[in-house]
Colleague: 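One structure follows; several queries about it will come next.
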Amino acid sequence: MIDSAEGVRSRIWSVIRKIPRGRVATYGQIAALAGIAGQPRRVGQALRSVPSGDSIPWQRVVSAGGVLGLGRYDPMAGWEQRVRLEQEGVRFGRRGRVSLTEFGWKGRNPPRRRASKKRAR
DNA sequence: ATGCTGACTATGT
DNA sequence: TACATAGCCAGCA
């Protein structure tokens with residue numbers, strides 16, 4: 001079965017919509033899940049085609065290493081992305097990066113206060 | 001048809 | 001850590 005460009009684009013959006021709240025996924029990860037591994041740039045291109053007003057959670061899509069990459073396309077969007085993510089509970093590191101280990105989709109769970117054996121408190 | 005661009009990533013210096 | 005380069009391939013002039 002062929003992969004029409006539009007089919008791929010739909011799949012990309014579909015994958016992005018599945019990213020849980022409070023988590024983030026990288027372009028590469030999304031590309032792989034959408035069946036176009038190795039072509040993360042197409043994810044960005046698909047996102048660019050998202051009709052404004054659409055409820056797609058684009059803010060959960062980040063560049064490799066947890067970097068917010070939107071700055072190149074629209075500096076203001078980069079700022080908004082950070083605000084939105086923080087509202088979902090995502091915390092940023094010193095250089096404005098997200099810890100993929102803790103917030104990456106399927107990476108690990110978000111920090112839960114002392115979930116270890118040492119009793120919290 | 002050809003060539004350049006890009007919401008990217010990995011690697012090298 | 002930061003910048004440069006190569007690989008990638010669908011859009012667009």
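Just so we're on the same page: letters track the sequence lines, and every chain starts at 1.
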Colleague: Mind jotting down which residue pairs meet the salt bridge (Lys or Arg N to Asp or Glu O under 4.0 Å) criterion with at least one end in residues 41-70 of chain A? Sequence neighbours excluded, please.
Modeller: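 Matches after skipping sequence neighbours: A:Arg17-A:Asp54, A:Arg60-A:Glu88.
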Colleague: Could you check how far CD of A:Glu6 sits from C1' of C:dC9, rounded to whole Å?
Modeller: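 Distance, rounded to whole Å: 17 Å.
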Colleague: Taking only Watson-Crick and G-U wobble pairs with both distances under 3.5 Å, what dot-bracket line describes DNA chain C, where [ ] shows pairs that cross earlier ones and | shows pairs with another strand?
Modeller: .||||||.|||||
Colleague: If the condition is salt bridge (Lys or Arg N to Asp or Glu O under 4.0 Å), which residues does A:Arg84 pass it with, not counting sequence neighbours?
Modeller: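 A:Arg84: salt bridge (Lys or Arg N to Asp or Glu O under 4.0 Å) contacts with A:Glu80.
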Colleague: Taking OH from A:Tyr27 and P from B:dG6, how many angstroms apart are they, rounded to a whole number?
Modeller: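 One finds 15 Å between P of B:dG6 and OH of A:Tyr27, rounded.
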Colleague: I need the residues from residues 7-17 of chain A with at least one non-hydrogen atom less than 4.0 Å from DNA chain B; give them sorted by number, or say none.
Modeller: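 Those residues whose heavy atoms fall under 4.0 Å from DNA chain B, taken from residues 7-17 of chain A, amount to none.
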Colleague: How close or far is atom P of B:dA7 from atom CD1 of A:Ile36, stated in whole angstroms?
Modeller: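 So the CD1-P distance, A:Ile36 to B:dA7, works out to 15 Å.
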Colleague: Taking A:Gln81 for its side chain and A:Gln59 for its backbone only, find out whether a donor-acceptor pair lies under 3.5 Å.
Modeller: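 Yes: the side chain of A:Gln81 pairs with the backbone of A:Gln59.
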Colleague: side-chain contact (heavy atoms from CB on, under 4.5 Å) with A:Val61: which of A:Ile56, A:Leu68, A:Leu47?
Modeller: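 Going through the options one by one, the only one that passes is A:Leu47.
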Colleague: Do any N or O atoms of the protein come closer than 3.5 Å to N or O atoms of nucleotides 3-5 of chain B, and which pairs are they?
Modeller:
none

Colleague: Show the atom names and distances, to 0.1 Å, of all donor-acceptor pairs under 3.5 Å that link a side chain in residues 1-16 of chain A to residues at least two apart or in another chain.
Modeller:
unit_1  : atom_1 : unit_2  : atom_2 : d
A:Asp3  : OD2    : A:Arg11 : NH2    : 3.2
A:Ser4  : OG     : A:Gly7  : N      : 2.9
A:Ser10 : OG     : A:Glu6  : O      : 3.0
A:Arg11 : NE     : A:Ala34 : O      : 3.0
A:Arg11 : NH2    : A:Ala34 : O      : 3.4
A:Trp13 : NE1    : A:Ala46 : O      : 3.1

Colleague: Working to the nearest 0.5 Å, report the span between CD of A:Glu102 and CZ of A:Arg23.
Modeller: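 The CZ atom of A:Arg23 is 11.0 Å from CD of A:Glu102, to the nearest 0.5 Å.
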Colleague: Linking Ile, Leu, Val, Met, Phe, Trp and Tyr through side-chain heavy atoms less than 4.5 Å apart, which residues share a cluster with A:Val67?
Modeller: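 A:Val67 shares its hydrophobic cluster with no other residue.
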Colleague: Hey, does the side chain of A:Gln29 reach the backbone of A:Trp105 with a donor-acceptor pair shorter than 3.5 angstrom?
Modeller: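 The answer is yes, because a donor-acceptor pair under 3.5 Å joins these two groups.
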Colleague: Separation of A:Asp3 atom CG from C:dC8 atom C1', in whole Å?
Modeller: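 Computing the A:Asp3:CG to C:dC8:C1' distance gives 16 Å.
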Colleague: Distances under 3.5 Å between protein N/O atoms and the N/O atoms of nucleotides 1-6 of chain C, please, pair by pair.
Modeller:
unit_1 : atom_1 : unit_2  : atom_2 : d
C:dA2  : OP1    : A:Arg95 : NH2    : 2.7
C:dA2  : OP2    : A:Arg95 : NH2    : 2.9

Colleague: Which residues in residues 47-62 of chain A have at least one heavy atom lying under 4.0 Å from any atom of DNA chain B?
Modeller: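 Of all residues in residues 47-62 of chain A, the ones placing a heavy atom under 4.0 Å from DNA chain B are A:Leu47, A:Arg48.
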Colleague: Expressed as a whole number of angstroms, how long is the span from A:Leu100:CG to B:dA10:P?
Modeller: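 Between P of B:dA10 and CG of A:Leu100: 11 Å.
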Colleague: Taking all heavy atoms of A:Gly22 and all of A:Phe103, pick out the closest pair and write down the distance.
Modeller: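 For A:Gly22 and A:Phe103, the tightest heavy-atom pair comes out as O-CD2, 3.7 Å.
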Colleague: I'd like to know whether A:Phe92 forms a side chain to side chain contact (heavy atoms under 4.5 Å, CB included) with A:Arg97, so could you lay out the CA-CA distance, the side-chain angles of the two residues, the decisive distance to 0.1 Å, and finally the verdict.
Modeller: CA-CA 5 Å; A:Phe92 291 74; A:Arg97 303 195 325 170; over 6 Å; no
Colleague: Over how many whole Å does the gap from A:Gln39 atom CD to B:dT9 atom C1' extend?
Modeller: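 Interatomic distance, CD of A:Gln39 to C1' of B:dT9: 13 Å.
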Colleague: Go through the steps for A:Ile19 and A:Val24 under the test side chain to side chain contact (heavy atoms under 4.5 Å, CB included), then give the verdict.
Modeller: CA-CA 7 Å; A:Ile19 304 173; A:Val24 298; 5.8 Å; no
Colleague: Counting only side-chain nitrogens and oxygens, does A:Ser63 get under 4.0 Å of the OP1 or OP2 atom of B:dT9?
Modeller: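 So the side chain of A:Ser63 is within the cut-off, an N or O lying under 4.0 Å from OP1 or OP2 of B:dT9.
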Colleague: Taking side chain to side chain contact (heavy atoms under 4.5 Å, CB included) as the test, write out the residues that go with A:Ala31, two or more places apart.
Modeller: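 For A:Ala31 the side chain to side chain contact (heavy atoms under 4.5 Å, CB included) partners, ignoring immediate neighbours, are A:Ile36, A:Val43.
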Colleague: Under 4.5 Å side-chain heavy-atom separation, chaining through any Ile, Leu, Val, Met, Phe, Trp or Tyr, what else clusters with A:Met76? Say none if it is isolated.
Modeller: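 None; A:Met76 is a cluster of one.
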